[in-house]
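Whatever order the structure lists them in is the order used to number ligands and atoms, beginning at 1.
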Amino acid sequence: MIHYAVEKRGQEIWLAERRYEPRFALKTESVFAQCNGYMGVRASHGLSVLDGRRGMFIAGFFNRAYEEESTELVNCPDVTEYLLKLDGEVVYPDRASILGYERRLNIQTGELFNKIRLKLDSGLELEVTDRRFASMEDQHLFVQKIIITPLNGTIQKGELVTGINGQQTNSGVSHFHKIDCRVYEKQFLHVTGYLPEDTLSVLMDCSYSNSGEDTKEFLLKRRGVFGRYTFHTTEGESWNYEKYVYIQKEEDRTELEFQKEKLEEYRRSGYESAFGKHHEKMRSIWKQAEIQIQGATLEEDAAIKFAQYHLIGMMPWHRSDCSIAAKGLTGEGYKGHVFWDTEIFINPFFLYTFPEEARNLLEFRYRGLDAARDKAEAYGYQGAMFPWEAAKTGKEETPLYAALNIHTGKANKVWSGIKEHHVTADIIYAIWQYYTMTGDEDFMQNCGYEMIFEAAAFWTSRARWDEARGCYVIEDTIGPDEYTEHIDNNAYTNYMARYCINLAVTLAEKLERNQPRLYQELCQKLNLQQYMKGWVDVADKIYLPVPDTNLIIPQDDTFLTKKRLTNIEKYKKSQIKQAVLLDYSRDEIVNMQVLKQADVVMLLNLFPHMFPEEVVKKNVLFYEERTIHDSSLSYCAHAQACASIGQIELAWEFFKRCLVIDLDENPNDSTDGIHAASLGGIWNCVVFGFAGINYEDGQLNISPKMPEHWKEMQCYIQVHGHEIQVRVSNQEVALKRGDGWEQPLPVRINGKVFILEDSLKVMI
Ligand code: BGC
């Protein structure tokens, strides 16, 4: 169930909180956040309230505050808060009586709208409206409009104090070693925050209704600069204040004069004009991204669009110097780090809809290739070993220790940064998906081949020849299921490793034949010939767990010998994530058949045709019984897998759960930010799972498996730089090509190949 009310106004959908709910403050701030890929601003109340945690995050703006802390996405100065004093009385929603309240997010435009009616101690009733958006047209721009209306009296002396507050910390850790505050031309407020390796400039301008008698003065506080604006107004008459904020990191930095001019321009043309331009840009993005589902309920439609809103907002558009964090730009969770979530769960939406952006995400990994080489070397491997958690560079950023055990004072070691290696194959998988779907040779020549070859070199050196078994093994690793650490031959990891090596072998041979110059260059740069000797051998002889007599693919060497967790249902139902760790130690968990999240099932999702249908079915059901879904990455994976085996009812059960991962009634979820991978997973379930669309080995496949009540689904996908309109139902598949196609395109529909010329309609 969606906790928020869903409202449709015209073509637009809003999520609404209709009661003042401090209990949900942290969650709603993440869920309703304004994000444009450059910045993410938590949807905190403008008026000072007791609950919540303000946050503004700028893509790629990281810092490590102290040696023993991890690098983290910096919580930047706040620009949203205002103090309101009316005839001597400060307005605090937590103290006043609340007469009316609504806070709404427009899912299509990302505009936040908050209206609150209060009764003060003085008896004055007033309405405060706060609207804001982070502009998609000018990604440095954040705009907020505040409207104050007395409802049953006048305001003789109103005071609004607002500005730029650099006292923000990341849960108490302060990043800026210096903050400069200035006022220019008695108009612009400016804060510059200095990190050792970057700076942030926040410039603010404002406009407001002014009668001439009202005053404005500026206040300098420690690490902040504010304006105090006085006003007066009669009953029913509103006082408006508009705030324009321009934010830039060092590398985007333009002349201050230019920024001032920009802000003046925005100020002169007003909120609606800036919003109009932003809206226009959002409209064009949605035109490409929108999925229309006939028969879907309003709630379903809203939740799918909500996922897309955040996917759009988390993408650092048109740049490759940063990537997408596990919480997007909505909170401090996971310190803003980038995981396999990006390549496996989030990238597909961009690949199918905005392929240039998928390329940017992969280029980000290329920028980190040298650091990945260093990591491999440090661990005694060859090639490149990508970090489990990345921040701005390709360096490993996973913290070495988790929180202290408060009783023993000892810290638990985090093994993922050391042992969770599959990310080095996940990135390669995403590269190959990208290439086969776009045919982007330029990317391959400049980045792709090198990454694939370096990953193959890593995996070859990572595998060890096991004389007794007569095969190569990958020992002491962690697969996607993080409840089983230090295991040997994790199925997901071994299959993915072989995939990388095979791909490298095929590509090296092809390059030698077709592009000998490039091949020679790569040989010299990467010492390819020396590496390649081992590739074929390892690819041929790597141990791959095969289905046993019950058709079950063993998750690792010992998984099937372990005992089951008898009361798993208790933990599956628990509202508390990872509650099982409160009852069992990590060591006990490692020795049980219990999964945190999809593991073998992920493998089946990535390679839907690798095993016979019967095997896929058996494994999806077998592993689900043993999975607690303690990671938000799990429901979407299971929904997609169940859809692909035609278990639509089961798929729907999981899909419903992942649809509300950020929207459900649990106030403790999403407090540190939205679940980016799961939101990507929602798109994957809809497009890969239910519509059954996938592009594999140069072939578009479509096998719809839609839930009964979804009558038809329509979306646009991009194949080789061209658009295809796809309409599917359980009875029919209809395709229409955009302009500019030269070649007919073979499409496999429910296993049968058809040729798409201009359009194609197939009854199924
Ligand atoms: C999951 C990982 C995931 C990470 C970030 C962990 O809880 O186990 O698979 O990459 O969260 O979302």
Practice problem: Report yes if the side chains of H421 and R462 come closer than 4.5 Å at any heavy-atom pair, otherwise no. | Solution: yes
Exercise. Report yes or no: is the cationic atom of R626 (NZ for Lys, CZ for Arg) under 6.0 Å from the centre of the six-membered ring of F622, at an angle within 45° of the ring normal?
Key: yes
Exercise. Tell me the residues surrounding ligand 1, counting only those with a heavy atom closer than 4.0 angstrom, sorted by chain and number.
Key: A326, Y334, F339, W340, D341, W388, E482, K596, Q597, S631, L633
Quiz item: Is the NZ or CZ atom of K375 both under 6.0 Å from the centre of the six-membered ring of Y379 and within 45° of that ring's axis?
Solution: yes
Quiz item: Between F688 and Y352, is the gap from one ring center to the other below 6.0 Å?
Solution: yes
Quiz prompt | Stepwise salt bridge (charged side-chain N to carboxylate O under 4.0 Å, His left out) test for D669 and K27 | solution = CA-CA 6 Å; D669 266 351; K27 178 186 183 110; 5.0 Å; no
Self-check item: Salt bridge flag under 4.0 Å for residues K596 and E482
Solution: yes
